[in-house]
Engineer: 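One structure is given below, represented as structure tokens, and several questions about it will come after.
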2 protein chains.
Amino acid sequence: MTTRARPRRKVTIKDVAADVGVSLQTISRVLNKSPNVSAKAREKVEEAVARLGYSPSLAARRMGGSKSFLLLALNDRDRTIEQWRAREGIDWVDQMLLGGITTCAEHGYRLILELVDTHSDNIAGELGNALAALRPDGVILTPPHSDNRKVLDILEREGVACARIGGFDQASGTIIRMDDHAAAGRCVEHLAALGHRRIGFVAGDPEYQLSTERLAGYRDAIAAAGLEADDSLIAEGDFGYASGLKAAEVLLSLDRPPTAIIASSDQMALAVMAVARDKAIAMPDQLSVIGFDDTPIARTTTPALTAISQPVAAMTARAAEVLIQPDGDVARGANGQPHVIPFELTVRASTGPAPR
Amino acid sequence: MTTRARPRRKVTIKDVAADVGVSLQTISRVLNKSPNVSAKAREKVEEAVARLGYSPSLAARRMGGSKSFLLLALNDRDRTIEQWRAREGIDWVDQMLLGGITTCAEHGYRLILELVDTHSDNIAGELGNALAALRPDGVILTPPHSDNRKVLDILEREGVACARIGGFDQASGTIIRMDDHAAAGRCVEHLAALGHRRIGFVAGDPEYQLSTERLAGYRDAIAAAGLEADDSLIAEGDFGYASGLKAAEVLLSLDRPPTAIIASSDQMALAVMAVARDKAIAMPDQLSVIGFDDTPIARTTTPALTAISQPVAAMTARAAEVLIQPDGDVARGANGQPHVIPFELTVRASTGPAPR
DNA sequence: TTGAAAGCGCTAACAT
DNA sequence: ATGTTAGCGCTTTCAA
């Protein structure tokens, strides 16, 4: 059982007002950094606030008609829970929280992680409920919600601002993403520089537009580098390990197999490595492998995986900034254009010179 | 820029009342499952609620004096952010969210992850601010907060119920933990059954009481199994990789080194393996290694790591249940006693028969 | 079983 | 520059 002492009554704005000897409004003004408060009054109020340990109630603030100081991060329920359960070290959500929570905290905001079912017919109900219950000042959309028409429509209808991480479609809200097209291209360039001519590609779940984007980036870079453009070098996966196994089987069983493979996720890269090991194909001597995401596992594979790092924390931090200060420099900087956050290619031991 | 249509006015309890033709009270009663509502009225109200897509505002509910439907998960700021930044795959927070968010969702609650600085003198300020701003119905404490006197005092003074994951000290709040003492013992038994007689132990950060607990479990099991009790087989770490390196150096440089080492964290077990590899000590043939936590990395080490799985998701789920239904069966079940959630020893390739 | 009234803590709009 | 008023949407009294 929980032991409880008689709870001390909460200190409210009234207590502060009484203490300082001014009206509630003056306190409120100081709290909200409104103009029209004398320096002297402001000082006295701030002193009293600190001394009494007063913090305004979010609920009351909302009721009074101001901001809610809440941001909602919308993630796909099934995928998120599945990843948590699988314990494969995918830390997308962690990176999101890292960028989101720290940025929110700097502005007195809280981030609430909300899991909603993308495919459910009831997405309107789930989302509507969350919006009605919490009345957040903004919503951060993550893939695959970022391009979900239903979600965007609801948010627009409810008048809730949104930032769309990894979004593509021209629509409402602010888009924040990395350049997936260029990232795939960078992979090709890295491999081309190492002398590879036949480069395989394992695409991701086509439900995610970034899959398409990466594939296009691969194709364009292959063409630009004058390498062999051969559709049999392209296999489709769904980001998961199992799909990577299948794709690798196909690619590595070709008459003229690729000397390098770019996988659209670390998990699929891992699968490629497993199949290669199975076939006694040495890495990186006979086969170079590149992954996407740079999850923790990339560091512990043998050989360690060369991978594209998605700037998830930075994207989420940007998203929070845009929502918290819609008129701030950061938000205005993009002026309707997508915010493109730089990615990185971390070169490790899984890529090397082409054989022969 | 965010495009916004004219936001539709929120549907409130008034709208529902007007629609059904009853008073606000009746709606409120139905929503809160209070008695004294005729079946017919209840039915009509529920229909209207569904049809209008009404969800009560949390803020307004709080203001009205009811529960806030918010639970706060208090984590150590520095350690959490450090782990997120390091990207080593430690998924403690993820497992906590898995158990916490899903359980909260089942009851219409939300979980807010709040990072506070344990060592800061200002912990009272930070925590007080969060409590005042959010007025949560309960707080979930995670190590090392779970035994923090200051934190417990503040919560008690504010009359906020708390569940203490991994807590030990007799104090306020409900304790939910695994049996660390028994877990360390189980490791020893597993190794003893494999014929090991000299078993080393790398302790964790002494700031965490569970470190002490595991060490004691190790000692007791060594004695119970009649194995060599030798304090030089015990090294102190702090859960981190670097400290594991140091500890392993010491243990593996002994005149008579252990044939098996139990590390109080996976990271330290990883370090032990690195040092062993450095010294060309074969695993598991010449050295068996066991870790604690069973983080994702345990699966990808070579050899794969035998480890104790902390039931973090289950503990957090239990914590949420206890706080949400303080008078429910689950909470009453423990009746003031700690809730002890079962752990598991997952045997992988890093443990084998003792040499010779 | 139902309804009416009061108030939670705050802010926006309007005085002064 | 400051104070006053009204009201946000709900729940808890209390009365019928």
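A note on names: the letters A, B, ... follow the listed sequences, proteins ahead of strands, and every chain is numbered from 1.
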Engineer: Reading DNA chain C from 5' onward, which residue's closest nucleotide shows up sooner: B:S23 or A:K67?
Structural biologist: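 Taking each residue's closest nucleotide, the earlier one in sequence belongs to B:S23.
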
Engineer: What side-chain hydrogen bond (donor to acceptor under 3.5 Å, both in side chains) pairs are there with at least one residue in residues 37-47 of chain B, not counting sequence neighbours?
Structural biologist: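 Qualifying pairs: B:E47-B:R51.
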
Engineer: Please list, chain by chain and in numerical order, all residues satisfying side chain to side chain contact (heavy atoms under 4.5 Å, CB included) with A:I175, sequence neighbours excluded.
Structural biologist: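 With sequence neighbours excluded, A:I175 shows a side chain to side chain contact (heavy atoms under 4.5 Å, CB included) to A:R164, A:R177, A:P338, given in chain and number order.
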
Engineer: Nearest 0.5 Å, what's the CG-NZ distance between B:D19 and B:K14?
Structural biologist: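 Between atom CG of B:D19 and atom NZ of B:K14 there are 15.5 Å.
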
Engineer: Rounded to the nearest 0.5 Å, what's the gap from NZ on A:K150 to CG on A:L155? Could you check?
Structural biologist: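 So the NZ of A:K150 and the CG of A:L155 are separated by 13.5 Å.
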
Engineer: With sequence neighbours excluded, tell me which residues meet salt bridge (Lys or Arg N to Asp or Glu O under 4.0 Å) with A:R110.
Structural biologist: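 Counting only residues at least two positions away or on another chain, A:R110 forms a salt bridge (Lys or Arg N to Asp or Glu O under 4.0 Å) with B:E114.
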
Engineer: Between the protein and nucleotides 7-11 of chain C, list the N/O to N/O atom pairs that are separated by less than 3.5 angstrom.
Structural biologist:
| from | atom 1 | to | atom 2 | distance (Å) |
| --- | --- | --- | --- | --- |
| C:dC8 | O2 | B:M63 | O | 2.1 |
| C:dC8 | O2 | B:G64 | N | 3.3 |
| C:dG9 | N2 | A:A60 | O | 3.3 |
| C:dG9 | N2 | A:G64 | N | 3.4 |
| C:dC10 | OP1 | A:Y54 | OH | 2.3 |
| C:dC10 | OP1 | A:S57 | N | 3.4 |
| C:dC10 | OP2 | A:I13 | N | 2.3 |
| C:dT11 | OP1 | A:N32 | ND2 | 3.1 |
| C:dT11 | OP1 | A:R61 | NE | 3.0 |
| C:dT11 | OP2 | A:S28 | OG | 2.7 |
| C:dT11 | O4' | A:G64 | O | 3.4 |

Engineer: Measure the angle between the two terminal helix axes of the helix from C:dT1-D:dA16 to C:dT16-D:dA1, five base pairs each, and quote it to 10°.
Structural biologist: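 That helix gives 30° between its end axes.
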
Engineer: Salt bridge (Lys or Arg N to Asp or Glu O under 4.0 Å) with A:D15: which residues, sequence neighbours excluded?
Structural biologist: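 Listed in chain order: A:R9.
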
Engineer: Distance check, rounded to the nearest 0.5 Å: A:T80 atom OG1 versus A:L74 atom CG?
Structural biologist: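 A:T80 atom OG1 to A:L74 atom CG measures 10.0 Å (nearest 0.5 Å).
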
Engineer: Would you mind writing out the side-chain donor-acceptor pairs for residues 92-99 of chain A within the sub-3.5 Å range, not counting sequence neighbours?
Structural biologist:
| from | atom 1 | to | atom 2 | distance (Å) |
| --- | --- | --- | --- | --- |
| A:D94 | OD2 | B:W84 | NE1 | 3.1 |
| A:Q95 | NE2 | A:D91 | OD2 | 3.4 |
| A:Q95 | NE2 | B:W84 | O | 2.9 |

Engineer: Can you tell me which residue among A:L152, A:N75, A:N148 is in a side-chain contact (heavy atoms from CB on, under 4.5 Å) with A:L141?
Structural biologist: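 Option passing the side-chain contact (heavy atoms from CB on, under 4.5 Å) with A:L141: A:L152.
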
Engineer: Which residue pairs satisfy the side-chain hydrogen bond (donor to acceptor under 3.5 Å, both in side chains) criterion with at least one member in residues 311-322 of chain B, sequence neighbours excluded?
Structural biologist: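 side-chain hydrogen bond (donor to acceptor under 3.5 Å, both in side chains) check on residues 311-322 of chain B returns B:R318-B:H339.
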
Engineer: Checking B:R61 now: which residues fulfil salt bridge (Lys or Arg N to Asp or Glu O under 4.0 Å) with it, not counting sequence neighbours?
Structural biologist: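 Listed in chain order: nothing, the list is empty.
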
Engineer: Can you tell me which residue pairs pass the salt bridge (Lys or Arg N to Asp or Glu O under 4.0 Å) test with a partner in residues 66-81 of chain A, sequence neighbours excluded?
Structural biologist: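 Counting only pairs at least two positions apart or across chains, the salt bridge (Lys or Arg N to Asp or Glu O under 4.0 Å) contacts touching residues 66-81 of chain A are A:R77-A:E126, A:R79-A:D205.
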
Engineer: Residues of residues 37-45 of chain B with any non-hydrogen atom less than 4.0 angstrom from an atom of DNA chain C: list those, numerically ordered, please.
Structural biologist: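 Going residue by residue through residues 37-45 of chain B, the ones with a heavy atom under 4.0 Å of DNA chain C turn out to be B:V37, B:S38, B:A41.
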
Engineer: Need two values: the first and the last nucleotide of DNA chain D, 5' to 3', having an atom under 4.0 Å from any heavy-atom of chain A.
Structural biologist: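 It runs D:dA1 to D:dG9.
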
